[in-house]
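Note sheet for the following structure.
For the numbers below, each heavy atom of this structure counts, side chains included, while hydrogens, waters and symmetry mates do not. As the structure is a computational prediction, the values presented were derived from the model and not from experiment. Letters go in sequence order (proteins before strands), and every chain restarts at 1.
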Amino acid sequence: MIDINLLRENPDAIKASQRARGGDEALVHQAVSADELWRRELLAFETLRAEQNASAKLVGAASKEDRPALIEAGKLLADKVKQASEAADAAKTALDAIVWQIENVVIEGVPTGGEENFVVVKEVGTKPNFDFEARDHVALGELLDIIDIERGTKISGSRFYFLKGWGARLELAMMNMALDYAAKNDFTALITPTLVRPEVMAGTGFLNQHADEIYYLPADDLYLTGTSEVALAGYHRDEIIDLSEGPLRYAGWSTCYRREAGSAGRDTRGILRVHQFNKLEMFSYIDPVDSEAEHAKLLAFQEAMLQACELPYRVIDTAAGDLGSSAARKFDAEAWVPTQDQYRELTSTSNCTTFQARRLNVRFRNAEGKTQTAATLNGTLATTRWLVAILENHQQADGSVRIPEALRPYLGGQEVISPKVSAK
RNA sequence: GGAAGCGUGCCGGAGCGGCCGAACGGAACAGUCUUGAAAACUGUCGUCGUUAAUAGCGACCGUGGGUUCAAAUCCCACCGCUUCCUCCA
């Protein structure tokens, strides 16, 4: 949710942002007048209410003879108050309905335009140059007996899979490496619930545009989360957190569930786009003035992990029109996938500034001791999808896959996964 | 799944129709005293909205409804927690 004060003081800034996103500019007008109306109605109600409070106090103090008359007067007032209160509530509801549709104000410098208008920030690493015919991760997975898609499909349907032997261990190794790295950098590890109540899902903003992306369990009225961000953002909901010692940083590990409703037919091969995967997510609560520096930091952490996995990648600055409604800026890191001859997203980091925290009512006490809305940021540190890039980039002519050095300590020193040496 | 009880401010804990935004205790913060600290004493000490305003006014005692001139206090529903029984990964 945007800052209502910004709406009052500088509606043009919000308009400009909406324009950059290709969003609805008219909403800003509507919000301003809805706000004015609400404040008028509120004042009318509060004035009447004050009168009523005073009158009710009189009744308590009045003598027996005076009471009936006062009570009669009170009844009249009560009626008016009720009406005024309903009018004020309605005005507030109308205001909220509009304000909630306005998306986060994009940060200056974010490229304008839609999905294809991203700006490449950098390219890092060298793409592999195979002198043999490269296998894709599905072929490698089968050959090495580490990804079993056929049986995944047999028991759960399309977009499901088993990770097996070294495949399973590789994923856990990657997660552990990421978690170690995060812990060294001041992130507190958190294993989060993956079933959440409707309020939490709505509060984090996922129930709007992404509603059909989400698994829902009607018998229990619970939603399966598509990312631990939901739980991590909700963690400090309605709290006044202490940021005096610096930001609060969490590394949340969870299984993620996505219906992939809008992507039928896309990336159907392999484990690039699946209904269930694991993810380690960074999440920061921070003073808004430091949010951009923190954003750079999260991106740097992601790059460090990609480099540890020895993956060629590029970083893109997502265009305004392709940002989620909570994000004020988003960087994606995309790894090279040789058999697709293109970069594919492995990580994403968003600076949500105060937008998400305002919605979830997460505040902190600033230097003056006043409460202020915190900023939140999130970023991927590792996901199952990374296996695709690791397997494909590090494959060798015989179908074996070299394990990046940094991962070996987490795999008992194993250096190569080869067809003959699959684990038990 | 069955039974009972409970949800009040940073914490503990009173209040059970008007005098309650809320006693009392603790914590915290500031000051006095002290070479300094502790102790003692004094003061401050919830959040939000409206507003130029730390003035006033309004809202909030789990959440949402209701009764009443008036609700933290009564009624209803929901959510959560605790204990006991049952059951157990």
* Quick one: is A:Arg197 getting a side-chain N or O under 4.0 Å of the B:C79 phosphate, OP1 or OP2? -> no

* Strand partner of B:A53, provided both Watson-Crick or wobble distances fall under 3.5 Å -> none

* Describe the nucleic acid contact of A:Thr47 in one word from base, sugar-phosphate, nothing, applying a heavy-atom distance below 4.0 Å. => nothing

* Using a cut-off of 4.0 Å on non-hydrogen atoms, how would the nucleic acid contact of A:Glu72 be classed: base, sugar-phosphate, or nothing? -> nothing

* Write down the partner of B:A71 under the Watson-Crick or G-U wobble criteria, each distance required to be under 3.5 Å. => none

* Asked: Is there a side-chain polar atom (N or O) of A:Asn53 under 4.0 Å from OP1 or OP2 of B:A70?
  -> no

* To do: If B:A89 has a Watson-Crick or G-U wobble mate with both distances under 3.5 Å, name it; if not, just say none.
  => none

* **Length of the line joining A:Glu41:CD and B:G58:P, which is rounded to integer Å** => 19 Å

* **Euclidean distance for C1', B:C61 against B:C48 (whole angstrom)** => 15 Å

* C1' atom, B:U47 versus B:C84: distance in rounded Å? -> 38 Å

* To do: Kindly point out which of B:C69, B:G58, B:C48 is positioned nearest to the side chain of A:Ala50?
  => B:G58

* To do: Could you check which of B:U50, B:C69, B:G58 has an atom nearest any side-chain atom of A:Ile71?
  => B:C69

* Heavy-atom distance under 4.5 Å between the side chains of A:Lys330 and A:Thr349, does that happen here? -> no

* Is A:Arg358 touching bases, backbone alone, or none of the nucleic acid, heavy atoms closer than 4.0 Å? -> nothing

* Just by modelled atom types, is the A:Ser400 backbone N or O under 3.5 Å from a matching donor or acceptor in the A:His394 side chain? -> no

* Name the pairing partner of B:C24, where a pair is Watson-Crick or G-U wobble with both distances under 3.5 Å, or state none. => B:G12

* Asked: If pairing requires Watson-Crick or G-U wobble contacts with both distances under 3.5 Å, which nucleotide is the partner of B:C33?
  -> none

* How far does the P atom of B:C75 sit from the matching atom of B:U67, given to the nearest Å? -> 15 Å

* **A:Gln372 CD to B:U47 C1', straight-line distance once rounded to whole Å** => 16 Å

* Asked: RNA chain B: A:Thr371 or A:Lys82, which has the more 5' nearest nucleotide?
  -> A:Thr371

* Asked: Can you check whether A:Leu391 reaches A:Ile147 side chain to side chain, under 4.5 Å on heavy atoms?
  -> yes

* Provide the distance between the two C1' atoms, one in B:C19 and one in B:C10, to the nearest whole Å. => 28 Å

* To do: Check whether any side-chain heavy atom of A:Leu407 sits under 4.5 Å from a side-chain heavy atom of A:Met174, and report yes or no.
  => yes

* Asked: Nearest to the side chain of A:Ala78, which nucleotide is it out of B:G18, B:A70, B:G49?
  -> B:A70

* Asked: Nearest 0.5 Å, what's the CZ-CD1 distance between A:Arg358 and A:Ile4?
  -> 9.5 Å

* Asked: Can you tell me how far C1' in B:C6 sits from the matching atom in B:A14, rounded to whole Å?
  -> 15 Å

* Starting at CZ of A:Arg365 and ending at P of B:U54, how long is that distance when rounded to a whole Å? -> 16 Å

* Asked: Which listed nucleotide (B:G18, B:C48, B:A59) is nearest to the side chain of A:Ala56?
  -> B:G18

* Could you check whether A:Arg40 gets within reach of a base, just the sugar-phosphate, or nothing at all, counting any heavy atom under 4.0 Å? => nothing

* Starting at CZ of A:Arg49 and ending at C1' of B:G49, how long is that distance when rounded to a whole Å? -> 15 Å

* To do: Under a 3.5 Å limit for both distances, which nucleotide forms a Watson-Crick or G-U wobble pair with B:C84, could you say?
  => B:G2

* Rounded distance (Å) that lies between atom P of B:C69 and atom NZ of A:Lys75 -> 5 Å

* Check whether more than 12 heavy atoms from other residues, nucleotides or ligands sit under 6.0 Å from atom CZ of A:Arg151, and answer yes or no. => no

* Using a 4.0 Å heavy-atom cut-off across all strands, classify A:Lys57 as base, sugar-phosphate, or nothing. => nothing

* Structure fact -> A:Asp221 atom CG is separated from B:C79 atom C1', nearest whole Å, by 12 Å

* Asked: Quick one: A:Glu46 CD to B:A59 C1', roughly how many Å, whole number?
  -> 7 Å

* Any strand: nucleotide that pairs with B:U63 via Watson-Crick or wobble, under 3.5 Å -> B:A77

* To do: Tell me whether the OP1 or OP2 atom of B:A70 has a side-chain N or O from A:Gln52 closer than 4.0 Å.
  => yes

* **Same-atom distance (P) from B:A70 to B:A59, integer angstrom** => 12 Å

* Spacing of the C1' atoms in B:A71 and B:G64 (rounded, Å) -> 15 Å

* **Rounded distance in Å - CG (A:Leu76) to P (B:U68)** => 15 Å

* Angle class for the A:Tyr250/A:Tyr285 ring planes (parallel below 30°, perpendicular above 60°, tilted otherwise)? -> perpendicular

* Taking atom CD of A:Gln52 and atom NZ of A:Lys80, what is their separation to the nearest 0.5 Å? -> 11.0 Å

* Asked: In whole Å, what separates the C1' atom of B:G66 from that of B:A55?
  -> 36 Å

